[in-house]
2 protein chains.
Amino acid sequence: MKQSAAESKSQRIARVLEAEIRSGTLTDGAALSSENALVERFAVSRTTVRKGLGILAAKGLIRTKVGIGSFVTYGGAVIDSGSGWSLSLADGRARLGTRILRIARLPMDLDDPAPQGEMLAVDRIRFREETGQGLTLERARVPWRDDYEAVLSEGLNGGSLSRTLAARGLSPATGEEWANVLCALPAGDAALMGRRAGEPMLRLRRLTRDGHGGLFEYVESVLDPEVFGLHMEF
Amino acid sequence: MKQSAAESKSQRIARVLEAEIRSGTLTDGAALSSENALVERFAVSRTTVRKGLGILAAKGLIRTKVGIGSFVTYGGAVIDSGSGWSLSLADGRARLGTRILRIARLPMDLDDPAPQGEMLAVDRIRFREETGQGLTLERARVPWRDDYEAVLSEGLNGGSLSRTLAARGLSPATGEEWANVLCALPAGDAALMGRRAGEPMLRLRRLTRDGHGGLFEYVESVLDPEVFGLHMEF
DNA sequence: AAGACAAACCTGTCTAGACCTGTCTACCAT
DNA sequence: ATGGTAGACAGGTCTAGACAGGTTTGTCTT
């Protein structure tokens, strides 16, 4: 077999496996085949397979444990504790696009956690690419720090606020998450999402704290109930 | 065998048992099943079971005596599990009454798990005592066994199906749970609950399996979204 | 009724082997 | 120098046993 010039074998392996993960063939939490099985499947050496898996691990798509194997960690938007909810797409294959509504510095504007002064606010919508209809509306608030100035101008690392914070060495120590039914979508949110007001929606609120109990991040999400659900294994 | 997270089998066993201890299913001083029984239940080797028990012992949750068995030594407050989600009453203290709609032997009548033949069915409503309005509607299905005959005539142990099963030495090895928004309460369920049809509701589905992957229990619940939510700490 | 004994449990400990990832080295090709 | 191959080795995880010794219980004997 001829090797396409631009892509090494390990990159190809990573690409094929990533496609299987993102397409849902390999679902969240599922075990990948063992390295030796992948050696068989791709007819390459184990070194090459491991390089490919390394690429996926660096992207955060899989995690591997000695003596056990590699596991898909994509889509578990929550924690890696293995014992939490993960948000799941109930509706098989919906292609999601993302649009950032704003990244701004402003006083706390959400009701729930005690007012905390200036915040870094990130509002984001995810929408169905075919129709443009908004499927999720997420409002994240993080206590302002001066080194967030760069975020305002340069945006987020990989579109993810948690990744942006992690890149600054910030990660939460504890947290809570609530899920409930929002019986009627408010008109303002409906307009932003391109939906009808009054629809029932799935609502998630997530509050994380740093080691000293201070607010780390607060996220409020409204999700299309036809597409999103929560899933847990135990 | 499919493993659900990047977690070793012994860790999973420890986690499941810890949840049972902390949730009060296994109370202080109670004996755990013997190691060989746990081998059966989780379908793993005794070495692995012992590793799991070792984790619990290291946490001080159990103590084991030669020739006798392992015992729960967790005396502390039996608050909620800490791992996984717990159903929480959003609406402070609503006094709940319980009404069993039926306990019956019948062929599988719910859509979700593959049809399994005869089932023990328990349908139950929880309602607000002040108003009589139904807050939850739960349908539980368990594959029929002949020794359930007594359940049909004598009812459940303490009103709980899981407790009834546990009393017969039956407990699940693994399970999954889904939560989503039921956009419109069907008319039939609405009549049972004394609610208006078409209301949005919170819907939970829970499927547990025995160690060999066979169906253990399936429960479908519909919950008042004003009163119930999901909560998780991590 | 009291004691001895055996069977059936239980945990503690050990082994051999299968299969897994992590790491290393030596070598080849472009 | 880079990317791939092939193999060896260490160590983690799990299985399937065997064996020793503690505990309980029922039964048989005295």
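So you know, we letter chains A, B, ... as the sequences are listed, proteins then strands, and number each from 1. The shown structure was predicted, so the numbers you read here are calculated from the model rather than taken from an experiment.
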Result block: side-chain N/O donor-acceptor pairs under 3.5 angstrom for residues 49-67 of chain B, not counting sequence neighbours:
from, atom 1, to, atom 2, distance (Å)
B:Arg50, NH1, B:Glu35, OE1, 3.4
B:Arg50, NH1, B:Glu35, OE2, 2.9
B:Lys59, NZ, B:Glu18, OE1, 2.7

- Message: Let's see if you get this right: which residues in residues 47-56 of chain B place a heavy atom under 4.0 Å from DNA chain C?
- Response: B:Arg50

- Item | Sorted by number, the residues of residues 33-44 of chain A with heavy-atom contact under 4.0 Å to DNA chain C | A:Ser34, A:Glu35

- Message: Given C:dG12, C:dT21, D:dG3, identify the nucleotide with an atom nearest to the side chain of A:Ser8.
- Response: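 From the listed options, D:dG3 comes nearest.
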
- Query: Is a salt bridge present between B:Arg124 and B:Glu138, judged by a nitrogen-to-oxygen distance below 4.0 Å?
  - Reply: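 A salt bridge is present here (some side-chain N lies under 4.0 Å from a carboxylate O).
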
- Ion pair check, A:Arg141 and A:Asp123, cut-off under 4.0 Å: yes

- Message: Tell me the closest heavy-atom pair linking B:Asn180 and A:Gly229, and the distance in Å.
- Response: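 Answer, listing the atom of B:Asn180 first, then A:Gly229: CB-CA, 4.3 Å.
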
- How close do A:Phe216 and A:Pro143 get, heavy atom to heavy atom, and via which atoms? O-CD, 3.4 Å

- Below 4.5 Å, heavy atoms only, C-beta onward: do B:Leu152 and B:Leu120 meet side chain to side chain?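 The answer is yes, as the side chains (C-beta and beyond) meet within the 4.5 Å cut-off.
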
- Message: Does any part of the side chain of A:Leu223, heavy atoms only, come nearer than 4.5 Å to the side chain of A:Leu135, both counted from C-beta?
- Response: no

- With sequence neighbours excluded, tell me which residues meet salt bridge (charged side-chain N to carboxylate O under 4.0 Å, His left out) with A:Arg203.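 Checked A:Arg203 against salt bridge (charged side-chain N to carboxylate O under 4.0 Å, His left out); zero matches.
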
Expected rows: protein N/O vs nucleotides 21-27 of chain D N/O, under 3.5 Å:
from, atom 1, to, atom 2, distance (Å)
D:dG22, N2, B:Gly67, O, 3.3

- Give the rounded distance in Å between these two atoms: CZ of B:Phe71 and P of C:dC10. 11 Å

- Task: Can you tell me the distance, in whole Å, between the CD1 atom of A:Ile13 and the C1' atom of D:dT5?
- Result: 13 Å

- Estimated bend of the helix from C:dA1-D:dT30 to C:dT30-D:dA1 (axis per five terminal pairs, rounded to 10 degrees):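 About 10°, once rounded to a multiple of 10°.
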
- Can a donor-acceptor pair under 3.5 Å be found between the side-chain atoms of A:Arg46 and the base atoms of D:dG4? no

- Distance (rounded to the nearest 0.5 Å) between B:Leu161 CG and B:Glu217 CD: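 If I round to the nearest 0.5 Å, the distance is 5.0 Å.
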
- Query: D:dG4 phosphate, OP1 or OP2: any side-chain N/O from A:Ser10 under 4.0 angstrom?
  - Reply: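 So the side-chain polar atoms of A:Ser10 do come within 4.0 Å of the phosphate oxygens OP1 or OP2 of D:dG4, strictly under.
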
- Query: Quick one: is D:dT15 close enough that its OP1 or OP2 comes under 4.0 Å of any side-chain N or O from B:Lys9?
  - Reply: yes

- Query: When you measure from the centre of the six-membered ring of B:Tyr148, is the NZ or CZ of B:Arg105 under 6.0 Å away and within 45° of the axis?
  - Reply: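 Negative - B:Arg105 is either too far from the ring of B:Tyr148 or too far off its axis.
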
- Chi angles and distances behind the salt bridge (charged side-chain N to carboxylate O under 4.0 Å, His left out) call for A:Asp210, A:Arg145: CA-CA 14 Å; A:Asp210 60 30; A:Arg145 292 157 47 113; over 6 Å; no

- Query: Around atom CD of A:Glu176, are there more than 12 heavy atoms of other residues, nucleotides or ligands at under 6.0 Å?
  - Reply: yes

- Task: Show the numbers, then the answer: is there a salt bridge (charged side-chain N to carboxylate O under 4.0 Å, His left out) between A:Arg206 and A:Glu177?
- Result: CA-CA 4 Å; A:Arg206 173 191 173 86; A:Glu177 193 156 5; 3.3 Å; yes

